[in-house]
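So the structure is just underneath, and the comments pick up after that.
For ligands, and for the atoms within them, numbers begin at 1 and follow the listed sequence.
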Amino acid sequence: MLSEAALEQLTSNIKLWGNELGFAHIGVCDTDLSASEPKFQEWLDKGYHGEMAYMANHGMMRARPHELHPGCLRVISARMDYLPPKAGFATNLKDPDLAYISRYAGGRDYHKMMRNKLKKLGDRIAAELESLGEELPDYRPFVDSAPILERPLAEKAGIGWTGKHSLILNKGVGSWFFLGELLINLPLPVDAPIEEGCNTCVACIKSCPTNAIVEPYVVDGRRCISYLTIEHQGSIPEELRPLMGNRIYGCDDCQLVCPVNSEAPLTKEIDFHIREPLQLPKLLDLFAWTKAEFLQRMQGSPIRRIGHKLWLRNIAIALGNAPFSEETVAHLEGRKLSEEVDDMVLEHIDWALEQQSLRAESEIDSISRKTNRVIKFVEKGLTRDA
Ligand code: SF4
């Protein structure tokens, strides 16, 4: 049995080993999330989880890590930064012919990599206890792999506070990071949560393109572009499509406007740098990928998990929101003939074609209005000349 002093020392070492493995911050908390249960239940009761049935499937086990992994006494919460260099936020968002992809998804999928690192951290702790002649610990790493409320745990472990957009953030660090957990049966000393720092700011609430942040700290997943483009399987509600702009996989708007992110560090992981085909991706180029090309190019990327059909669906919406062009219409028409398109995708392509045609009409209207003005001006001149 480790003394209090030995547990203190072990915790300092765990933080050091975590940093060596590439984690920017390691915090420790106990497993009591009873304070978060009512809010989580209310969120589920309102249906804000949409089609994410897995959120509701495990009852309150998400808020009870000790039920998920019996014997667990502590959660080691780990932060890994993902903000890539050359993020090109404005370039991609402002050009409606380019695709915007959430900045966490431009590189390699983080799940496996983080889980391996957390496993290594557990192994390192076990090796230390073995060298001290102590009983080996029981531990289990999690990265989105099981029902667990990772944000309240991170908040408890002092990784940051919960922002009004419901993500965790911290001063000098921002919110561009992944979270992972190592559940362990050691009574390690816990960290203190930090004070919330949003104060009177409401920038994220105001900036959300679909008004998904229905009140501070509460996101209606069904309106969130990240949910719509990644989790939602079927047809996207028509009233939300024009608001999605060119965001084809996820959305970063609430983080982009957050003043705390002005000091966010860049990732140290080269795996999270944006891959070449996704650096300045043209919507039409991405829309032309066959299923085989999509699977091959998105190998190892988190984007691969949505599959080719949702990929086409999302891009069709962005093309519907793009300025009118004959090339776009030709690509949309061409895709309709492809065997890779099912009824759901077809419906989105038809919607995009309708938007393109409405835009073309309004362009023709504006051109003819301008032409009429010129004609009137010339006629006036001619009358005067006469
Ligand atoms: S934008 Fe403002 S309110 Fe939203 S998380 Fe950042 S600091 Fe908090």
Please table the atom pairs, donor to acceptor, closer than 3.5 Å between any side-chain atom in residues 14-26 and protein atoms at least two apart or in another chain.
residue: Lys15; atom: NZ; partner: Asp191; partner atom: OD1; Å: 2.8
residue: Lys15; atom: NZ; partner: Asp191; partner atom: OD2; Å: 3.0
residue: Asn19; atom: ND2; partner: Phe23; partner atom: O; Å: 2.8

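Between Trp176 and Tyr82, the ring planes are perpendicular. Angles over 60° get that label, and only those under 30° would be called parallel. Note: Phe178 and Phe272 have perpendicular aromatic rings, judged against thresholds of 30 and 60 degrees for the angle between ring planes.
For Arg151 and Thr162, the side-chain atoms include no donor-acceptor pair closer than 3.5 Å.
Around atom 8 (Fe) of ligand 1, the protein atoms of type N, O or S that sit closer than 2.8 Å are Cys198 SG.
Taking SG of Cys204 as the start and NZ of Lys164 as the end, the distance is 7.5 Å to the nearest 0.5 Å.
Aromatic ring centres of Tyr227 and His232: separated by under 6.0 Å.
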